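Data first, discussion second: the structure below is written as structure tokens.
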Number of protein chains: 2
Amino acid sequence: MSVGIRHDDLRRRNRAMVIAAVRRAGQPSRTEIAATTGLSHSTISAISSDLIGEGILAESKPSEAGSLKRGRPQVGLSLNPEAAAVMTVVLSLNFLSVAVIDYAGQVISEEQRRLDTLTMSRDALIGECVAIVRRRLEDPDLDVRSVARIALAIQGITDTRARAMLWSPITPHTDIAFADILEDEFGIPATMENDCNMMAVALRWRDPQRYRDDFIAILLSHGIGMGLVLKGQLFTGTHSSGGEFGHMIHQPRGALCRCGRRGCVEAYAGNYAIWRNARQLGEDTKPVADVSDADMRALAAAARDSDGPEREAYRKAGEALGYGLGSLFALIDPAPVAMVGVSAAAFDLIEPALREAIAQTAGGQHSESISFDTEPNELPLIREGCAMRALTFVDQEIFAPGAQAKSGLVRKNVA
Amino acid sequence: MSVGIRHDDLRRRNRAMVIAAVRRAGQPSRTEIAATTGLSHSTISAISSDLIGEGILAESKPSEAGSLKRGRPQVGLSLNPEAAAVMTVVLSLNFLSVAVIDYAGQVISEEQRRLDTLTMSRDALIGECVAIVRRRLEDPDLDVRSVARIALAIQGITDTRARAMLWSPITPHTDIAFADILEDEFGIPATMENDCNMMAVALRWRDPQRYRDDFIAILLSHGIGMGLVLKGQLFTGTHSSGGEFGHMIHQPRGALCRCGRRGCVEAYAGNYAIWRNARQLGEDTKPVADVSDADMRALAAAARDSDGPEREAYRKAGEALGYGLGSLFALIDPAPVAMVGVSAAAFDLIEPALREAIAQTAGGQHSESISFDTEPNELPLIREGCAMRALTFVDQEIFAPGAQAKSGLVRKNVA
DNA sequence: GCTCTTTTTTTCGAGCCTCGAAAAAACACT
DNA sequence: AGTGTTTTTTCGAGGCTCGAAAAAAAGAGC
């Protein structure tokens with residue numbers, strides 16, 4: 001049962017609101033913040049004065065030299081980069097990438113590493129993650145104590161509480177509580193996020209115009225993933241990260257999927273599926289472990305070149321994605337879509353069949369109004385999403401804490 | 001951008017919280033309310049004193065005679081039935097049903113009527129609805145001015161703003177703004193809801209134990225509908241009522257659906273589809289307009305009797321529902337399901353194939369843990385859901401109004 | 001029947017918070 | 001230098017919730 005609003009919640013929430021407004025707008029004046037939040041000037045003045053005193057916000061110089069307006073010039077408020085830092089850890093197939101990001105969102109330091117995730121032991125995988133985080137934390141240039149939050153992202157399924165990876169295609173091991181492991185190791189709050197959800201978060205920050213309240217990010221990679229934002233909120237399953245678009249059933253008793261089941265969308269549209277169809281290997285053929293990006297680009301080139309099995313493979317991928325989206329749209333109504341990942345670069349080959357399929361579905365009623373955007377490179381998106389997720393946490397939980405947490409961390413940053 | 005919390009919002013929200021607590025608990029004492037809302041005893045005391053003064057709540061006698069506890073006995077707070085009334089209008093195939101319900105949720109008066117919705121003109125359909133509402137409002141036993149809200153429910157698609165029916169299988173006409181029409185006619189705020197969503201709302205009130213945060217209500221009737229509650233919230237599409245489970249694609253290029261497309265779940269599991277398969281009419285056969293409940297029961301009896309085409313028809317229905325649910329569960333994770341409607345009485349025939357299909361899907365991982373409940377009679381559920389929806393509106397918007405609305409209606413009820 | 005104990009509810013002052021109005025600040029324009 | 005404009009701060013008023021204490025309303029014990 002939802003809980004009443006206490007008197008102290010009021011300040012807490014409005015503090016969070018002000019911080020959020022600054023993070024969104026960059027350098028808003030107090031007047032602007034008052035306008036967007038609907039709070040009075042006096043309130044904003046009081047809160048921002050607090051926040052500046054605590055070192056969370058800073059006044060920035062009049063910014064635009066070209067402020068030819070009369071009257072007292074606005075003073076921009078900005079996030080104090082030194083107020084805190086966060087760390088992002090992105091774990092993908094054979095690749096581990098870490099970055100430290102300051103409170104204003106700038107990358108301070110980063111490190112990347114190839115590893116053989118598919119064959120590593122559970123402990124080795126965990127060990128690599130812990131080690132790379134430790135190296136970044138021990139970087140002499142960095143004030144360790146200022147790292148307030150770690151966000152991990154991984155391909156696969158995570159739990160709703162954002163504590164653990166439940167299953168991932170990049171490793172045979174399951175149920176690894178990465179968040180707890182890192183928290184125990186470093187004493188820094190951590191969360192474990194799904195990669196596609198982070199893509200969606202990042203898109204929302206990158207282009208709030210297009211990706212505002214309702215949109216879909218689909219990862220077209222070895223597997224098919226989805227991040228979904230509905231009514232301005234990241235959509236997750238009730239127990240897991242959910243949104244397993246790639247494992248909706250396209251064709252009952254159909255092609256063999258990497259997950260061991262049959263007829264999933266992914267079994268037609270994942271890289272391995274496109275590759276399998278392009279090679280005319282038959283739908284029962286066991287999915288290959290990996291197809292290199294170069295191979296996929298060659299496949300796309302061949303498909304563009306002539307109307308052979310490669311083109312047909314992309315057509316099948318488009319059809320599966322189209323019917324899948326159609327079913328999804330039946331549930332949530334159509335929304336803008338961002339196609340991310342290697343195969344997004346081949347979206348020209350996918351789109352015709354996709355649109356044709358979607359037009360056969362209930363969600364396709366306004367199929368022409370459904371717009372697609374492509375972004376071939378998923379990694380930067382995932383990293384950005386993690387960073388924003390971690391920073392938002394700091395904004396809300398550390399700099400606008402509930403009563404119980406109020407004493408500790410904030411004080412430290414004041415000093 | 002989400003808006004800051006004003007000082008006056010505080011009282012408003014906490015008032016709403018107290019009313020909600022009373023509506024949920026029935027006759028809670030002030031102490032109980034303090035416990036569930038997390039607010040202090042003083043606050044609850046102040047708010048409930050206000051609410052009693054305004055005639056919204058009433059103190060009820062010590063209730064349980066068997067209160068053998070020491071100490072000052074608790075005073076139960078209950079909703080004052082006379083504080084307001086609401087009206088529900090349920091429009092289904094060939095049937096119109098209206099009820100007036102007091103603030104405590106008891107039915108005061110009702111009226112039902114058969115009509116030929118499929119062949120009626122647009123104006124006649126609207127006219128019937130307006131007329132039946134007028135008759136109830138003019139009932140001499142009823143204080144008209146006390147009806148504070150009308151909730152309509154209809155089979156089909158409504159818009160998110162709950163103003164209009166966009167499309168419905170019960171009439172060839174589309175885009176009828178029932179909510180606006182009734183508001184203009186009677187000056188009473190009205191909303192237009194989807195029937196299956198109201199079923200879900202009702203289930204939540206009926207059995208909050210089982211149907212709490214995440215569950216699915218599926219209507220197995222001539223068509224297939226769904227109401228979905230996720231994270232305690234009714235799930236709707238971004239533009240429409242959404243949740244068109246029946247029109248997810250089960251089989252690309254498959255059986256002809258009532259909606260004109262092919263391969264929808266409904267085209268295998270709707271009454272007309274079961275009937276069509278039982279008669280071995282072929283998947284291209286145009287769906288019949290209606291199958292009587294008696295015919296469906298006869299079909300089910302025949303299927304139970306011998307392993308003929310009837311049983312196979314139910315098997316196909318189960319398979320379509322299973323794969324559909326599997327795809328849904330891939331997105332939202334498994335949740336308890338309530339099967340409602342005539343064919344829910346034949347769920348024994350549907351369940352085996354359904355479970356088998358669901359086990360083939362990603363969502364079926366824990367297929368044994370997915371539990372089904374059946375309820376053959378949808379109408380009472382829909383009515384109940386409408387009533388609760390309307391009453392909740394009164395609770396929130398009228399008895400705990402935002403600043404702008406505060407003057408009017410509340411005062412009236414004070415007097 | 002009276003007092004003690006227990007539990008619920010109300011009362012009261014303190015402490016915050018937001019708000020509106022007015023004042024102060026900071027600049028452009030003339 | 002003075003005036004006008006816009007932003008920001010200040011200040012007192014009014015509300016709200018909270019904790020502590022008081023009041024109320026029983027049952028328990030003698």
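These figures come from a predicted structure and were not determined experimentally. All values below were derived from every heavy atom in this structure, side-chain atoms included, with hydrogens, water molecules and symmetry-related copies excluded.
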In whole Å, what is the span from the [atom1] atom of [X] to the [atom2] atom of [N]?
X	N	atom1	atom2	result
B/R30	D/dA25	CZ	P	12 Å
A/D8	C/dA14	CG	C1'	14 Å
A/D9	D/dT17	CG	C1'	11 Å
B/I5	D/dT17	CD1	P	13 Å
B/I33	C/dT10	CD1	P	11 Å
A/R6	C/dC16	CZ	P	15 Å
B/R13	D/dT17	CZ	C1'	15 Å
A/R15	C/dT18	CZ	C1'	16 Å

Side chain of [X] - closest among [options]:
X	options	result
B/R70	D/dT8, D/dA28, D/dC18	D/dA28
B/H7	D/dG19, D/dG15, D/dT8	D/dG15
A/L39	D/dT8, D/dC18, C/dC19	C/dC19
B/S42	D/dT8, C/dC12, C/dT18	C/dC12
B/H41	C/dT9, D/dT17, C/dC27	C/dT9
B/P73	D/dT17, D/dC18, D/dA26	D/dA26
A/Q74	D/dC16, D/dT8, C/dT18	D/dT8

Query - SB check A/D395 A/R23 (cutoff 4.0 Å) - result: yes
Query - Under-4.0 Å salt bridge between A/E397 and A/R12 - result: no
Query raised in the report: Looking for any heavy atom pair under 4.0 Å, which part of the strands does A/T31 touch: base, sugar-phosphate only, or nothing?
Result: sugar-phosphate
Requested in this report: Measure centre to centre between the rings of B/Y103 and B/F399, then say whether the value is under 6.0 Å.
Outcome: yes
Report task. Could I get the full list of salt bridge (charged side-chain N to carboxylate O under 4.0 Å, His left out) partners for A/R206, not counting sequence neighbours? Result -> A/E375, A/E384
**Report entry** With A/R210 via salt bridge (charged side-chain N to carboxylate O under 4.0 Å, His left out) - residues at least two apart
**Finding:** A/D373
Query raised in the report: If only side-chain N and O atoms of A/S29 are considered, is one of them under 4.0 Å from the OP1 or OP2 phosphate oxygen of D/dT7?
Result: no
Requested in this report: Report yes if a side-chain nitrogen or oxygen of A/R11 is closer than 4.0 Å to either non-bridging phosphate oxygen (OP1 or OP2) of C/dT18; otherwise report no.
Outcome: yes
Query raised in the report: Any sub-3.5 Å donor-acceptor pair from A/S48's side-chain atoms to A/I44's backbone N or O?
Result: yes
**Report entry** Along DNA chain C (nearest heavy atom to each residue), the more 5'-positioned of A/G71 and A/L10
**Finding:** A/L10
Report summary line: On DNA chain D, more 5' by nearest nucleotide between B/N14 and A/I44 is A/I44
Tabulate protein N/O versus nucleotide N/O from nucleotides 23-25 of chain C, keeping only pairs under 3.5 Å, one per line.
{"unit_1": "C/dA25", "atom_1": "N3", "unit_2": "A/R72", "atom_2": "NH1", "d": "3.4"}

Query raised in the report: Taking it one step at a time, do B/L152 and B/T191 satisfy side-chain contact (heavy atoms from CB on, under 4.5 Å)?
Result: CA-CA 6 Å; B/L152 294 90; B/T191 53; over 6 Å; no
Report task. Measure from NZ or CZ of A/R204 to the centre of the six-membered ring of A/Y211, then state whether that distance is under 6.0 Å and the direction lies within 45° of the axis. Result -> no
